[in-house]
2 protein chains.
Amino acid sequence: MMLSKSCIYGIQAAIYVSAHDSEEYVSISQIASELKISFHFLTKVLQQLTQAGLMISYRGPKGGVALARAAKDISLYDLVGAIDSTAIFTECLLGLPGCGVAAPCPAHDHWTKIRSELTTISRRVTLESMGKKASELNVRLSEEFRYAQSQYLDHKSAPANGHV
Amino acid sequence: MMLSKSCIYGIQAAIYVSAHDSEEYVSISQIASELKISFHFLTKVLQQLTQAGLMISYRGPKGGVALARAAKDISLYDLVGAIDSTAIFTECLLGLPGCGVAAPCPAHDHWTKIRSELTTISRRVTLESMGKKASELNVRLSEEFRYAQSQYLDHKSAPANGHV
DNA sequence: TTATATTTGGACAAAAGAGTCCGAAATCTT
DNA sequence: AAGATTTCGGACTCTTTTGTCCAAATATAA
Ligand code: SF4
Ligand code: SF4
């Protein structure tokens, strides 16, 4: 698999939180049940994202997680880097130690091309760009959760106070 | 990691065998010691490649493995598909079940682009194309083994009989 | 203050990946 | 025929990933 399960869950959750860009925190249990991810496992994943500075968290009732920056400033690259490490963007197919242009392996040229494409695209794809595209259509985020529903959800659980 | 260890070993070994495109079989123990891969583990990996029809094997003294087809007809896509499965080329970032254009996730557009690039390139890259590029320069295949050395190796262990 | 809700962090279990080992089967050499 | 060499296939161990559970810390609400 290209990305670890942890990473996929993290990305899904980040998109979900981004969709709920209200002024309150989104609780992890809500994300987990909505996205059908193990709550306890997701907890660990989101801790990685907060420790990496991509999200902020708040304990207690009305607690949860929220984006640490604007959605347009969090890219796929950031998310993958925070959970799986950026190795996928820098490492190589054959992963030979100390390789480079001076002593390349036979796959070097082709691989660096793929790698750089992957890097630019994942840097350009942000939570905002994904959300924008998603709200146009009735795009889904998980098997049951569709992006457009986020509007209704915001209403039903109207917040009292904002962040921090 | 993008590709499994098994897959990386399989690719390395395939390139090595391709470099030794003589008329005899290359023994797995030779590949393993030259490429610094565990012999017993490489054995399993190469069994996958022979079972997938990419290599042929022969037991007994002077036995070993050889390419089942011409080097130009074995692509990176084939190798990855045989060992890690082609899921990496078909599956998705979020890997949602039953997804598609009708019910795409927010990452769909960007991801399909990356995926198709990856597919075309890995289909185009063959053992031959890698070998061609490698013999021009003194390109290396593992930490110690350089491609150009394959010429000398062919001489030192001159074969008596050919394949099958 | 007490009860409740929520993240945090650690311990633990299960599953998958990576690596080792050994005996059996096939094949060549003598 | 006997012995040596090499792949085949299964069993086994070790490590990493994935997933579960629980007590402690933090904050809200009554
Ligand atoms: S030489 Fe290039 S393609 Fe090969 S392992 Fe190193 S960086 Fe990767
Ligand atoms: S909708 Fe597209 S990007 Fe999303 S999981 Fe399905 S195939 Fe992948």
Side-chain angles (χ1 to χ4, degrees), chain A residues 1-10 12-13 17 24-33 35-52 54-66 68 80 83-85 87-88 95 157 159-164, chain B residues 1-13 17 24-52 54-66 68 80 83-85 87-88 95 157 159-164:
Chain A
M1 193 154 20
M2 179 111 186
L3 264 42
S4 71
K5 286 284 191 73
S6 294
C7 196
I8 292 172
Y9 295 159
Q12 288 187 334
V17 171
E24 61 174 357
Y25 291 94
V26 182
S27 80
I28 299 179
S29 60
Q30 178 187 339
I31 305 174
S33 77
L35 261 38
K36 298 277 190 311
I37 304 173
S38 153
F39 165 69
H40 292 286
F41 193 66
L42 183 58
T43 272
K44 298 294 166 58
V45 175
L46 292 184
Q47 275 172 25
Q48 292 185 264
L49 290 183
T50 64
Q51 280 160 10
L54 296 180
M55 287 193 173
I56 51 179
S57 63
Y58 201 70
R59 291 196 245 192
K62 287 189 174 284
V65 295
V80 173
I83 299 177
D84 271 3
S85 101
I88 193 177
S157 59
N161 52 357
H163 283 166
V164 183
Chain B
M1 192 154 21
M2 180 110 185
L3 266 41
S4 71
K5 286 284 191 75
S6 293
C7 196
I8 292 172
Y9 295 159
I11 294 172
Q12 288 187 333
V17 171
E24 62 174 356
Y25 290 95
V26 182
S27 81
I28 299 179
S29 60
Q30 178 186 340
I31 304 174
S33 76
E34 202 91 60
L35 261 38
K36 299 277 191 312
I37 303 172
S38 153
F39 165 70
H40 292 286
F41 193 65
L42 183 58
T43 274
K44 297 294 167 55
V45 175
L46 292 186
Q47 275 173 26
Q48 292 185 265
L49 290 184
T50 64
Q51 281 161 9
L54 297 180
M55 287 193 174
I56 49 181
S57 63
Y58 202 69
R59 291 197 245 193
K62 286 188 174 287
V65 294
V80 172
I83 300 177
D84 271 2
S85 100
I88 192 177
S157 60
N161 52 355
H163 283 165
V164 183

Can you tell me which nucleotide in [options] comes closest to the side chain of [X]?
{"X": "A:S6", "options": "C:dA18, D:dT18, D:dT20", "value": "D:dT18"}
{"X": "B:R59", "options": "D:dG19, C:dA18, D:dT6", "value": "D:dT6"}
{"X": "B:K62", "options": "C:dT29, C:dC21, D:dT20", "value": "C:dT29"}

B:Q48 atom CD is separated from D:dG10 atom P, nearest whole Å, by 13 Å
Protein-nucleotide distance (B:Q47, atom CD; D:dT6, atom P), rounded to Å: 16 Å
Under 4.0 Å between a side-chain N/O of [X] and OP1 or OP2 of [N], yes or no?
{"X": "B:K5", "N": "C:dG19", "result": "yes"}
{"X": "B:Y58", "N": "D:dT5", "result": "no"}
{"X": "A:Y25", "N": "C:dT7", "result": "no"}
{"X": "B:T50", "N": "D:dT7", "result": "no"}
{"X": "B:S27", "N": "D:dT5", "result": "no"}
{"X": "B:Q51", "N": "D:dG9", "result": "yes"}

Touch class at under 4.0 angstrom, heavy-atom based, for A:I28 against every strand present: sugar-phosphate
Using heavy atoms to find the nearest nucleotide of DNA chain D for A:P61 and A:S38 separately, return the residue whose nucleotide is more 5′. A:S38
Which residue, A:I31, A:V17, A:I83, forms the side-chain contact (heavy atoms from CB on, under 4.5 Å) with A:L46?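 When A:I31, A:V17, A:I83 are each tested with A:L46, the side-chain contact (heavy atoms from CB on, under 4.5 Å) holds only for A:I31.
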